[in-house]
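To keep things clear, I will list the structure first and then write my remarks on it.
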Amino acid sequence: MGRGKLRIHLGAAPGVGKTYAMLAEAHRRTERGTDCVVAFVETHGRTRTEALLTGLERVPYRRLERDGVTVAEMDLDAVLARRPRVALVDELAHTNAPGSRNAKRWQDVEELLAAGIDVLSTVGIQHLESLGDTVESITGVREPETVPDEVVRRADQVELVDMTPEALRRRMAHGNIHQPDQVDAALSSYFRPGNLAALRELALLWVADRVDAHLQRYRSEHAVSAIWGSRERIVVGLTGGPEGRTLIRRAARLAEKGAGGQLLAVYISRSDGLTSASPGELAAQRTLVEDLGGSFHHVVGDDIPAALLDFARGANATQIVLGSSRRRTWQYVFGPGVGATVARDCGPDLDVHIVTHEEAATGRGLPVARGAPLGRLRLAWGWAAGTAGPVVLAALLSAVDPGLALDMLMFLAVTVAAALLGGLWPALASAAVGSLLLNFLYTPPLHTWSVSDPRNIVAIVVFVAVGASVASVVDLAARRTQQAARLRAESEILSFLAGNVLRGETGLENLLERVRETFGMESAALLERAGDVEPWTCAGRVGRGRPAERPEDADVEVPVGDHMALALTGRVPPAEDRRVLAAFAAQAAVVLDRRRLREQADQALALAEGNRIRTALLAAVSHDLRTPLAGIKAAVSSLRSEDVEWSDEDRAELLEGIEDGADRLNHLVGNLLDMSRLHTGTVTPLMRGTDLDEVVPRALGGVPQDSVVLDVPETLPMVDADPGLLERAMANVVENAVKYSPPGEKVLVAASALADRVEVRVVDRGPGVPDEAKERIFAPFQRHGDAPRGAGVGLGLAVARGFAEAMGGTLNADDTPGGGLTMTLTLHAADARPEDGPDDRGRGRVAAENESGPVAAENESGPVAAENESGPVAADNERRAS
């Protein structure tokens, strides 16, 4: 009997139903008459999963001891003795209990497969060994049980069991995954929407890679050469030159634009081993490719375009990235080049990108408008043709005597060639040398400098004139071409500047960098000063080296008005470049002004926001302070009245009203002061290691004793927080939750550690808050729903979030499964657990007094002070729909 087949149900996240899918597949096979047995299935108490076990034969489990607890494990020997056609083995990454034959369950599965038994198994994406670090960074939980990726890759079938994060969270909320007492903690930690979406993406990408491997194998086995664009594969052709790094980064950006894009870098060397590539540069480029997540390939081929296309088609690539050719103009006479050939022969299924690769540090430079427009090498060839060409031609013609007319045409051809190559002066030199040789060698009297026939004189003059005319035309065309190139470059730059104006871009450093690159400068700086005698200051600078601190210290100074200048260092550009430099300087001044206007607008907006806050504070004082003051005034007036004899009960009731009004005023003023400190940026927490089990109970002093269930383990790590601010934030959140909880429903305050952070969850069963209002309830002076005006000014949650963010934490609202609202306060765990002593406690009190006012400092002293500070009115009516 051959080896068995392995089918794995890969779960995108815990609870998506991979065990359920495996059992459903077993039922389908059983109905077809296949002998299936349950070797081991873990139902985790889920009723629907347990129901699917009905009708399937089970092999009894083996009972073993682990850490003093009896656990059930798969009985491998019993399954081998039973020899079913298909065995169901759940949790492939499971670690077996001591005393088992193998350490891991996947090793048990290997024995079943070797015995010819097909296996249906399950594994979660979080249990793959290669993804351990990634999963931990996402969820904060390190999976202790893993399975090697190769074990899963070798499976004959891998079926992805997927579910949207929203659907999975609904399953969790309905109690279909965890026990009810674990639901709240799971939803606010591991089962967050972002965590589930990230795990889902990992699973999809892993399965896509496996499908891609199968596709490549199929194409190879069936000799499929056509490109199937199932995913973006970018092939970048390298020559070993310095431009390779630019091409690699450009190709990587193209690959990132498509989901699952793949980068393949290929270097093609000739079979004779002759190459001009730098081994060090190739090694550096290989490292860069691997760092960007791509693969490097070395291919041998004498026909580079054909080899590159063969590699791209073999890899099922969709795009090829090549660098612009480094050839000189005259070298194109030997062929069109690799880029042009690949673009011509690639066909309709391949896109070819030609990327420029100038070094940014050297700059592009504007074309030179004068000097030697034809280039040094071309001039050298022109002078060689103009001076040596006639001599060589005369030597060749000395063996024959074709006649003066033909001789002159031959010399004219050499002159024209010199004009085409070198322009005016080489052509004139050729005409002069040719006319002298014609006179000396071919016009009677021979071998003398005299001319006896006037017609020969005319012929020589015409010969010189034609050569000079052709040379002049060629030189003029070259200069016009160079001027056109320069004007085009200038127009591109001016178009860039105009586009910046229209788009309203305010990146001064980006503009200065463009100036530096365009003109090949070392540094660029925009200098300004307030007056004629004031020192220069730098508004922005880019480049290497030390920029000029004064305009007169720069190689190029372009003034912008009376008190601003663009200063460039590195070289002195031609005079004609100053026109474009002036445009750049003017644009830099505009960008600087626009940036400052935006800063002023932001300041004005901040002032307007401050005015709005002050206006709201005045409105709050005008109403919310007046009500308790009126009540206190009425109660005091009644007590002082001599016309009425108050009983002890009436007197106690009036005094209680005075005390309630004072508490309400105390809390209201405290929140107003806290909010004003937050908006003015004067809250500076004194952070230290703080025990939650000490601070959180003190924050509950303002709520009834039987209204809160506290679950803060003493084993939690310390948090990095200011005790006074933390207590005030927790008091506001808890009292807000108690206020809106239905009668008889207690608020749960629970804390747990997750990686390097600690979360405190305040869970209520009230009416909840719609998703669109969850952020609005944290804004100052916001009361959601139909909360009465007299219940508060809507600052409790705003202050709580402000204090949380001041301590480097977060405060967010989420739905409570089954109805209600869950507030989650997240803080960073302290790096070390310092020893508490009298000095430490003293510093905590000082911090609270400095940052949260004198009343907040009293919170350190116990529940009574906390009640005074955060009384029943503490949680203003920030939220709740009726």
Side-chain angles (χ1 to χ4, degrees), residues 613-677 698-708 724 727-728 731-732 734-736 738-741 743 780-783 786-800 845 848-850 852-878 880:
I613 294 296
R614 283 188 287 270
T615 302
L617 288 173
L618 291 175
V621 170
S622 65
H623 184 282
D624 294 279
L625 290 181
R626 183 180 301 169
T627 301
L629 284 174
I632 294 174
K633 174 67 175 176
V636 171
S637 299
S638 299
L639 289 173
R640 296 186 61 185
S641 175
E642 298 178 355
D643 300 334
V644 180
E645 186 67 28
W646 300 102
S647 65
D648 293 341
E649 294 179 357
D650 293 337
R651 185 180 299 275
E653 183 177 353
L654 290 172
L655 290 174
E656 182 180 0
I658 294 173
E659 184 178 9
D660 289 343
D663 288 341
R664 182 173 171 183
L665 284 174
N666 183 27
H667 174 74
L668 180 60
V669 171
N671 270 342
L672 291 173
L673 291 175
D674 290 339
M675 183 53 59
S676 65
R677 289 190 178 101
R698 293 201 303 267
L700 307 183
V703 299
Q705 294 183 357
D706 59 347
S707 61
V708 177
E727 182 178 340
R728 185 63 177 272
N732 282 0
V734 172
E735 291 166 10
N736 189 76
V738 170
K739 177 179 295 185
Y740 293 103
S741 293
F781 310 105
Q782 296 293 322
R783 289 189 294 270
D786 58 353
R789 173 68 182 171
V793 294
L795 287 177
L797 292 183
V799 169
R845 286 193 294 272
E849 184 172 356
N850 288 342
S852 304
V855 182
E858 297 173 8
N859 289 344
E860 294 286 350
S861 60
V864 176
E867 183 174 355
N868 291 339
E869 169 58 15
S870 308
V873 200
D876 305 317
N877 290 331
E878 284 87 357
R880 292 300 187 271

What's the spacing between [X] [atom1] and [Y] [atom2] if we round to 0.5 Å?
| X | Y | atom1 | atom2 | value |
| --- | --- | --- | --- | --- |
| Lys739 | Ser707 | NZ | OG | 13.0 Å |
| Glu727 | Asn732 | CD | CG | 11.0 Å |
| Leu654 | Ile632 | CG | CD1 | 12.5 Å |

Is there a side-chain contact between Glu659 and Leu655 in this structure, where contact means two heavy atoms from C-beta onward sitting under 4.5 Å apart? no
